[in-house]
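Here the structure is laid out as structure tokens; the discussion comes afterwards.
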Amino acid sequence: MSDSDNPSPDGPPAGRSPADTIEVEPAADPVAQEQAVIDVLYRRLDDLRAERVELRDRYISRSDNTPGGRVERDLAYANHAAAVVALNAAEDRLCFGRIDRTDGESMHIGRMGIFDDEGDHRQLLMDWRAPSARPFYVATAANPLGLRRRRYITTRRRRVESANDEYLDLTDPQALAAARASGSGPAGEAELLAALRAPRTGRMSDIVATIQAEQDRIIRTELAGILVVQGGPGTGKTAVALHRAAYLLYNHREQLQQRGVLIIGPNRTFLTYIGQVLPALGENAVVLSTIGDLFPGVSAQAIEDPDTSRVKGRTAMTTVIANAVLHRQALPRTPIAVPFDGAPQSRLVLDGAILTPARDRAWASRRPHNQARPVFLRRVIDGLVRQVAARLGTGPDGQSLATPDDLDAIRQDLMEHDGLRVALRDLWPALTAPRLLADLLGSASRLEFAAESLSPRDRALLLRADDPAAWTAADVPLLDEAAELLGTLPASTTAADADDRYAAEVLDLLGANDDLDPEDVGLHSMVGMVNAQTLSRLHEEVADWTSTAERAAADREWTFGHVIVDEAQELSAMAWRMVMRRCPMRSMTLVGDLAQTSDPAGALSWSRMLRPYVRGRFQVEELTVNYRTPAEIMTVAEPVLMAIDPNLTAPRSVREAGIRPTHRRVASADLAAQVVDLVREEDDEPGTIAVLVPRARYAAVAEAVEQARTGAPGTASANAQPSLFETIDPAPDLRRHVVVLTVMQAKGLEFDSVIVADPAGIIAESGRGLSDLYVALTRTTQRLTVVHTGELPSVLARLREPAA
């Protein structure tokens, strides 16, 4: 793949000495000078790409179809294919900077490390993540870090458009004279402002060329421990998190490549928005997920009352789930009779004398429910063997007349008895987490037992008898909690193949799917030697290799080398339990803003959320500069922030857009039509337009905007209230010029223009409506319009003030 700061393409960077760099001859025209360098770099990039494509294609034609050969082929092919993707991604702005040291050495900075193909393997381009590249981002005139000059290079495709210099070592008379002669100012600031003013495309771009000093410090923080990045809107929290992931994968590749990095975002729209950033930085050992998609096999798309989400997010639900499992282990109040051998006197009796010791032994094993099930079943079978053997009578000495052969025959008959198998199935049932939770939420009686500690109102909120398996995001942590208590089922217990299911049931009765208790060693010689899959597919060869990311995403018990949570303030206490299971080493980056907490079960304090897991051992860094939102819009949003918490301080905006935010009052029935008119007024403006609405307004506004776009008639009611998530587009196309979103969908996104429709409705829709309004107001990079149907909410009073 790419050459990096050491010759191994995937290894961590090594420091470079001045001898490893190349000297660039001075030229009168900086653009011409840098064009010569860029030409060399792209020729080398083309060579590297051709090499990797050839290696990738070589493995396509390999004919070794043994399991081991297929795995080797797939691994090699995937590695080379990923390298090709990274090299293709590096095509855009391959080189964006250069540093000239006071000792006369120079080095170009770019997306990847590149070395020449000559014998001395000289470094042509330094990866932005290398330690030696850091001065490019953090050096100042007050602290030049050994730099004489920093150059910002702007390219378009493979052509250099500009090369702007900043002179940092002003103690050097030659540098000072050059700075005065060129009239150069803060070129880095000009580069940043140009990037901020550029129209949005509906996809997030990386910021490798414009990383600021406070961002760089956080990106390069050590891997170990939990790092909390608190920052207001527009401070670049998401960009910092993604570039930190790339930095950690580069500097700790051996440690993270195999376990991968998990990035959790607030919704699928957000994940689509950021999805290209890390591949463009050459990294693919990453799993992107929402909380609602973090349980394999479950897609949480339903929505529910915020009060219900609040109840599900409390740690009290751990007791509820534990009680739900306990309820499935309850013994029948009356004995169960099972016909046996066709004679009434030969029936099997499952009573307390057999079931209670079996249950107690299963509990004593301290295993999860499904792993304790074979212990329970084996004890029940042992009790039934003694019960049947007693019917053979006893000798003069009081000992049973049953011989060991008789006991084996009885045991075999019990194993093959269909009626017994049916009777045992519900006594200590094999359970999946979805089945347990659906049964719980769909039954008032089960909830009454399991949620006894909750109030009757909270139990009523949890009851979902109409469709208990319509999963919401708040259900997923409960599923994960249930899975921890249940443990895994044998693989074939959940398989579609009937033979596999039957084999698993037989083996459960035999105890073969359970590790033996020490006192049971020797009782069943075959126990532990086979499993259901080998029993039903003894001769089938299976070799299935997937990438780290694919394996991790499909395995609930997978633990990651590092976890990043964006909009971390939205996670409930139960969600944090699930996330912490994914990273037992507690290597995490959490980014968010407590002022923007919308979820009713979300965080109000980082310390309160993290204390159960790391006590006070976490580091908090704060981003204070707002790069996205213009000062004019933050002026309007500031009273909203003060209403949320008077002690909060808005981040400082670095620029003004020169466009005053406006508002427009309309009749409630005309809101959707007025939004369409506003969209048409802005249609000629470059970039993206977002219309942010309350959920109750979504259907009408979205349909009106779509009808205006396509000319197709619509049927939505003006006050249509969505009940399921599919009523709201789960995957809006952010690359469209105009997109209609709820505030929750807009979390973490940015647009050139934002129309906030019905701010009072946004405030009233949840207990944290002010936070939602604050989010909505701060999504724009240029223009803001507020459309309201009554008086403006008092927190938006600054919209009525005359222009300065």
Salt-bridge criterion met for [X] and [Y] (N-O under 4.0 Å):
X: Glu706; Y: Arg736; result: yes
X: Arg695; Y: Asp772; result: no
X: Glu452; Y: Arg459; result: no
X: Arg464; Y: Asp475; result: yes
X: Arg268; Y: Asp293; result: yes
X: Arg664; Y: Glu681; result: yes

Problem set entry | side-chain contact (heavy atoms from CB on, under 4.5 Å) between Gln212 and Val240, worked out | CA-CA 10 Å; Gln212 301 301 291; Val240 166; over 6 Å; no
Problem set entry | His562: partners by ring-ring contact (aromatic ring centres under 6.0 Å, His included), with sequence neighbours left out |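 ring-ring contact (aromatic ring centres under 6.0 Å, His included) check on His562 returns nothing, list empty.
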Exercise. Among all residues two or more places apart in sequence or in another chain, which pass the ring-ring contact (aromatic ring centres under 6.0 Å, His included) test with His737?
Worked result: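 For His737, no residue satisfies ring-ring contact (aromatic ring centres under 6.0 Å, His included) once neighbours in sequence are set aside.
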Can you tell me if [X] uses its side chain to pair, donor with acceptor, with the backbone of [Y] under 3.5 Å?
X: Arg768; Y: Asp599; result: yes
X: Tyr137; Y: Val208; result: yes
X: Arg577; Y: Pro477; result: no
X: Asn626; Y: Pro233; result: yes
X: Gln569; Y: Asp593; result: yes
X: Ser572; Y: Ala601; result: no
X: Glu682; Y: Arg680; result: no
X: Glu570; Y: Ser598; result: yes

Give the minimum heavy-atom separation between [X] and [Y], together with the two atoms involved.
X: Thr597; Y: Ser771; answer: O-CB, 3.1 Å
X: Asn267; Y: Met744; answer: ND2-O, 2.6 Å
X: Lys237; Y: Val229; answer: CD-O, 4.2 Å
X: Ala650; Y: Leu641; answer: N-CD2, 3.4 Å
X: Pro661; Y: Val636; answer: CG-CG2, 4.0 Å
X: Tyr698; Y: Val740; answer: CE1-O, 3.5 Å

For this session: Answer yes or no: does atom CD of Glu222 have more than 12 heavy-atom neighbours from other residues, nucleotides or ligands under 6.0 Å?
Result: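 Not buried by this count: 12 neighbours or fewer within 6.0 Å.
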Exercise. Does atom CD of Glu622 have more than 12 heavy-atom neighbours, drawn from other residues, nucleotides or ligands, at distances under 6.0 Å?
Worked result: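 More than 12 within 6.0 Å, yes.
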In Å, rounded to the nearest 0.5 Å, how long is the span from [atom1] of [X] to [atom2] of [Y]?
X: Leu777; Y: Leu799; atom1: CG; atom2: CG; value: 7.5 Å
X: Leu648; Y: Met642; atom1: CG; atom2: CE; value: 6.0 Å
X: Phe270; Y: Thr238; atom1: CZ; atom2: OG1; value: 4.0 Å
X: Ile689; Y: Arg783; atom1: CD1; atom2: CZ; value: 6.5 Å
X: Leu671; Y: Arg697; atom1: CG; atom2: CZ; value: 5.0 Å
X: Met585; Y: Leu223; atom1: CE; atom2: CG; value: 9.0 Å

A side-chain contact here means heavy atoms from C-beta on lying under 4.5 Å apart; do [X] and [Y] qualify?
X: Ile263; Y: Asp566; answer: no
X: Leu692; Y: Arg779; answer: yes
X: Asp733; Y: Val739; answer: no
X: Val701; Y: Val691; answer: yes
X: Ile291; Y: Ile264; answer: yes
X: Thr272; Y: Arg203; answer: yes
X: Leu770; Y: Ile763; answer: yes
X: Ile207; Y: Gln215; answer: yes

Exercise. Does Glu632 have any salt bridge (charged side-chain N to carboxylate O under 4.0 Å, His left out) partners at least two apart in sequence or in another chain, and if so, which?
Worked result: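 Result, salt bridge (charged side-chain N to carboxylate O under 4.0 Å, His left out) vs Glu632: none returned.
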Problem set entry | Verdict with reasoning, Glu685 to Gln782, per side-chain contact (heavy atoms from CB on, under 4.5 Å) | CA-CA 11 Å; Glu685 298 289 346; Gln782 301 292 338; over 6 Å; no
Exercise. Does the side chain of Arg655 pick up a donor-acceptor pair with the side chain of Thr781 at under 3.5 Å?
Worked result: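 Checked: Arg655/Thr781 side chains show no N/O donor-acceptor pair below 3.5 Å.
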For this session: Please lay out, stage by stage, how Leu773 and Val795 fare under the test side-chain contact (heavy atoms from CB on, under 4.5 Å).
Result: CA-CA 10 Å; Leu773 180 60; Val795 290; 4.0 Å; yes
Exercise. Among Arg244, Arg217, Arg220, which residue meets the salt bridge (charged side-chain N to carboxylate O under 4.0 Å, His left out) test with Glu621?
Worked result: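 Between Glu621 and the candidates, salt bridge (charged side-chain N to carboxylate O under 4.0 Å, His left out) is satisfied uniquely by Arg217.
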Exercise. After noting the C-alpha distance and the side-chain angles of Leu479 and Trp471, does the key distance pass the side-chain contact (heavy atoms from CB on, under 4.5 Å) rule?
Worked result: CA-CA 10 Å; Leu479 290 169; Trp471 304 119; 4.0 Å; yes
